[in-house]
Trainee: 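There's a structure below that I have some questions on.
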Amino acid sequence: KMGLTAILSVLVALPLLAAARPSSANCTAYFIEQNIDHFNWAAPGVHTTYQQRYFLCDEHLQGNPPKAVFFYFGNEDDVTLYINNTGLMWENAPSFGALMVFAEHRYYGESRPFAAGTRGCMNWLTSEQAMADYALLISALKNNRTGPTVPWIGFGGSYGGMLATYFRIKYPYLIDGIIAGSAPIWAFLGLTPQYNAFSFAETMTRDASAAGGATDNCKDNFRRAQPRINELSSSSTGRALLSTAFRTCKPLSSAEEASGLIAWVQEPWSFLAMGNFPYASSYLLHGRGLLPPWPVRVACQPLDSTTLTTDEALMAAVREAAALYYNYSHDVPCFYNGPASTQALPRARMTPRQSLRNRNPSVLLNHAQPLSGPSACVGDWDYQYCTEMVMPFSQGGPNDMFWPPSNFDLAGTTAQCLATWGVRPRASWSSVALAPSDLSFLTNAVFSNGLLDPWHGGGVLRNVSTSVVSLLIPNGAHHLDLMFSDPADPPDVRAVRAEELRLIQTWIDQKTK
């Protein structure tokens with residue numbers, strides 16, 4: 001186990017290491033005018049174009065023309081997050097003589113087509129429109145910067161890896177090969193074989209068990225705590241106990257509010273599991289704080305006990321586990337039902353919407369990503385989930401630690417999406433229009449997946465052909481291979497990176513010889 005003193009020493013030392021890494025400060029930002037709607041000629045509103053931001057990073061070229069281009073497909077966040085963390089590109093661009101391009105996804109960061117309050121502004125937030133942006137940007141840079149013969153290699157993690165895959169399928173003449181890290185392109189309905197909707201919850205549970213480097217006490221204690229919260233919420237005495245044990249900002253005043261703690265304690269595990277890296281990292285917290293090395297194992301420490309026999313002890317242990325995420329700043333005075341300013345958390349990344357089911361309004365106010373609604377006119381993964389990215393999630397099965405049991409409910413999800421965004425999900429759209437289960441037609445693609453990452457269940461976990469390769473990282477979490485290398489990296493991720501570089505060189509040779 002890693003003691004608190006050791007954890008704090010790592011967290012203090014990490015900024016010194018990170019300070020030496022290149023970042024967006026080593027790049028130049030540009031903007032390109034893009035059509036808001038690439039596929040229709042009718043004007044989408046008072047204006048028809050917007051400014052898409054992208055970064056060129058070429059200091060290492062020292063004025064020499066590039067021999068290749070590394071292109072990052074920006075996903076659901078400000079693109080500087082990916083610039084500052086995609087070490088695989090930074091560490092290898094010099095040896096390949098590669099210009100690096102980081103493109104921002106429409107509606108995110110500074111690439112916003114509409115001002116807040118614009119009626120109907122979210123209609124053009126789709127993966128197809130984003131890919132068309134990227135296609136036009138790449139074409140412009142080929143014409144004005146690199147010429148047509150320079151190889152272009154695409155990179156993307158998570159949704160960015162999905163976009164890289166979709167782009168290679170749709171625009172194979174613009175990108176010569178892709179590294180798609182933790183890209184769950186098969187986490188959708190309508191595919192054969194069928195996606196296991198429990199896999200996300202099952203992987204989180206495995207991470208919180210002996211098989212994942214923690215102990216089985218952790219998952220067992222967490223599983224039994226959730227129905228007990230529900231039982232205690234039904235009485236004033238029980239609510240008083242929960243208020244004290246969870247250090248709530250205000251006494252829990254109703255059974256509904258108290259039972260909402262169940263969703264609150266479940267929420268951190270997805271972030272901790274995605275960010276279950278062997279070193280301290282700020283990636284899942286968007287640079288606002290640090291998670292310690294192996295954060296799931298650290299969160300499990302208070303739950304690793306056979307002596308949590310009282311309600312007070314069990315609930316306090318569950319609170320301490322959740323606090324690793326909720327109190328990443330180490331200065332949160334209270335939890336759960338306080339003012340939004342004291343409960344602010346980083347904007348949520350691609351996460352299961354299913355976790356929002358059965359939440360009451362007071363709990364939604366404390367969710368890591370309050371649903372912004374259609375009038376905000378900013379990128380929101382929840383909107384993308386409610387349109388194209390309908391990934392089914394279930395929990396409470398025999399192989400996971402979550403309660404109550406909840407099977408994916410498309411009708412209920414549709415009702416929520418209509419109420420929040422005014423849109424109806426197209427549940428099978430991805431399998432028809434973006435990526436099918438048969439990828440035998442595809443070439444020059446790497447799908448890497450960490451088996452500690454809850455998204456890996458929807459990933460490509462087997463080789464499709466000699467040029468469409470699956471690389472597995474047993475000790476890796478969410479696209480660990482794309483991150484900066486670290487002395488704590490396990491041998492399996494080092495081996496995967498080496499194979500990725502070998503394949504990149506193969507694709508470059510195909511283009512240039």
Side-chain angles (χ1 to χ4, degrees), residues 36-37 39-40 42 44-45 75-77 105-108 112-130 159 162 166 184 187-191 194-195 197-198 200-201 256 259-260 262-264 266-267 270 340 347-396 404-434 458:
I36 294 174
D37 189 348
F39 307 114
N40 293 285
N75 34 316
E76 74 286 14
D77 215 311
H105 195 296
R106 55 170 51 205
Y107 286 79
Y108 293 95
R112 299 184 183 181
F114 297 99
T118 304
R119 185 178 179 85
C121 61
M122 302 299 288
N123 292 339
W124 297 274
L125 174 53
T126 70
S127 60
E128 291 91 340
Q129 297 281 4
Y159 172 51
M162 298 165 73
Y166 304 154
F188 293 93
L189 299 173
L191 294 168
Q194 181 178 332
Y195 171 61
F198 288 94
F200 198 97
E256 184 181 40
S259 63
I262 296 171
W264 185 83
Q266 291 175 352
E267 187 76 30
S270 62
R347 187 175 179 82
R349 290 175 53 75
M350 191 172 78
T351 51
R353 191 177 207 274
Q354 189 74 357
S355 65
L356 294 178
R357 292 185 65 228
N358 302 320
R359 287 191 170 193
N360 60 68
S362 66
V363 179
L364 282 172
L365 289 174
N366 292 292
H367 182 242
Q369 181 185 10
L371 301 181
S372 56
S375 63
C377 301
V378 297
D380 196 311
W381 179 253
D382 193 65
Y383 176 84
Q384 294 191 252
Y385 181 97
C386 280
T387 50
E388 299 179 300
M389 300 295 158
V390 190
M391 301 176 181
F393 295 97
S394 301
Q395 68 175 38
S406 174
N407 291 319
F408 177 69
D409 175 11
L410 181 57
T413 296
T414 299
Q416 285 187 337
C417 290
L418 284 167
T420 304
W421 298 104
V423 296
R424 184 181 298 275
R426 296 180 182 176
S428 299
W429 180 251
S430 176
S431 60
V432 173
L434 298 174

Trainee: Under 4.5 Å between any side-chain heavy atoms of Gln129 and Asp37, yes or no?
Mentor: yes

Trainee: Nearest 0.5 Å, what's the OG-CZ distance between Ser394 and Phe200?
Mentor: 13.0 Å

Trainee: Given side chains that start at C-beta, do those of His105 and Leu125 come closer than 4.5 Å, heavy atoms only?
Mentor: yes

Trainee: Tell me the closest heavy-atom pair linking Cys121 and Pro374, and the distance in Å.
Mentor: SG-O, 3.2 Å

Trainee: Flag the pair Asp380 / Tyr107 as yes when at least one side-chain heavy-atom distance between them is below 4.5 Å, and no otherwise.
Mentor: no

Trainee: Just checking, any donor-acceptor pair under 3.5 angstrom between side chains of Trp421 and Asp382?
Mentor: yes

Trainee: For Ser270, give me all partners under side-chain hydrogen bond (donor to acceptor under 3.5 Å, both in side chains), at least two apart in sequence or on another chain.
Mentor: none

Trainee: Taking the side chain as every heavy atom from C-beta outward, state whether Leu189 and Ser431 have any atom pair closer than 4.5 Å.
Mentor: no

Trainee: Heavy atoms only: give me the nearest Phe188-Met391 pair and the separation to one decimal.
Mentor: CZ-CE, 3.6 Å

Trainee: What heavy-atom pair brings Cys377 and Gly117 nearest, and what distance separates the two atoms?
Mentor: SG-N, 3.8 Å

Trainee: Is there a donor-acceptor pair under 3.5 Å between the side chain of Thr118 and the backbone N or O of Ala115?
Mentor: yes

Trainee: Ring centres of Phe114 and Trp124 under 6.0 Å apart?
Mentor: yes

Trainee: Taking the side chain as every heavy atom from C-beta outward, state whether Tyr166 and Ser430 have any atom pair closer than 4.5 Å.
Mentor: yes

Trainee: Tell me every residue that passes side-chain hydrogen bond (donor to acceptor under 3.5 Å, both in side chains) with Gln384, counting only those two or more places apart in sequence or in another chain.
Mentor: Tyr108, Tyr159

Trainee: Any side-chain heavy atom of Glu388 sitting closer than 4.5 Å to one from Thr126?
Mentor: yes

Trainee: Please name the pair of heavy atoms, one in Arg424 and one in Thr414, separated by the smallest distance, quoted to 0.1 Å.
Mentor: NH1-CG2, 3.5 Å

Trainee: Could you tell me if the side chain of Met389 sits less than 4.5 Å from the side chain of Met162, heavy atoms only?
Mentor: yes

Trainee: State whether a side-chain donor-acceptor pair under 3.5 Å links Gln395 with Ser406.
Mentor: no

Trainee: Looking at Arg426 and Cys386, would you say the former's side chain and the latter's main chain have a donor-acceptor pair under 3.5 Å?
Mentor: no

Trainee: Looking at the rings of Phe408 and Phe393, which for Trp means the six-membered one, are their centres under 6.0 Å apart?
Mentor: no

Trainee: Can you name the closest pair of heavy atoms from Tyr383 and Asn123 and give their distance?
Mentor: OH-CA, 3.8 Å

Trainee: Quick one: does Asp409's side chain have a donor or acceptor within less than 3.5 Å of a partner on Ala411's backbone?
Mentor: yes

Trainee: Taking side-chain hydrogen bond (donor to acceptor under 3.5 Å, both in side chains) as the definition, give me every residue that meets it alongside Glu128, ordered by chain and number, with sequence neighbours left out.
Mentor: Trp429

Trainee: Would you say that Leu434 contacts Ser127 through its side chain, given a criterion of any heavy-atom pair below 4.5 Å between the two side chains?
Mentor: yes

